[in-house]
S.K.: 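Below: one structure in structure tokens.
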Amino acid sequence: MNEKYELYVWSSYGLGAAVLLWNLLLPLWRRRALLRSLNEARDEGE
């Protein structure tokens, strides 16, 4: 098989995996940050 084609295919898989991982982790980080800020606001209000 052509080496350049292999590089293209595997880099596409790697990039796809990185985007999938980013799309899984980013909402979790945002949720934790939101919960943390809500808890801090609640604690300041008491």
S.K.: Check this for me: Glu3, atom CD, are more than 12 non-hydrogen atoms of other residues, nucleotides or ligands nearer than 6.0 Å?
M.R.: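 No - once you tally the heavy atoms of other residues, nucleotides and ligands closer than 6.0 Å, there are 12 at most.
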S.K.: To the nearest 0.5 Å, what is the distance between CG on Leu25 and CG on Leu20?
M.R.: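 Separation between the atoms: 9.5 Å.
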S.K.: Do Trp10 and Tyr5 belong to the same hydrophobic cluster, where Ile, Leu, Val, Met, Phe, Trp and Tyr are linked whenever their side-chain heavy atoms lie under 4.5 Å apart, directly or via other members?
M.R.: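 Yes, it is one cluster - the side chains of Trp10 and Tyr5 are joined through contacts under 4.5 Å.
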S.K.: For Leu35, enumerate each residue passing the side chain to side chain contact (heavy atoms under 4.5 Å, CB included) test, keeping only those at least two apart in sequence or located in another chain.
M.R.: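 Result, side chain to side chain contact (heavy atoms under 4.5 Å, CB included) vs Leu35: Arg31.
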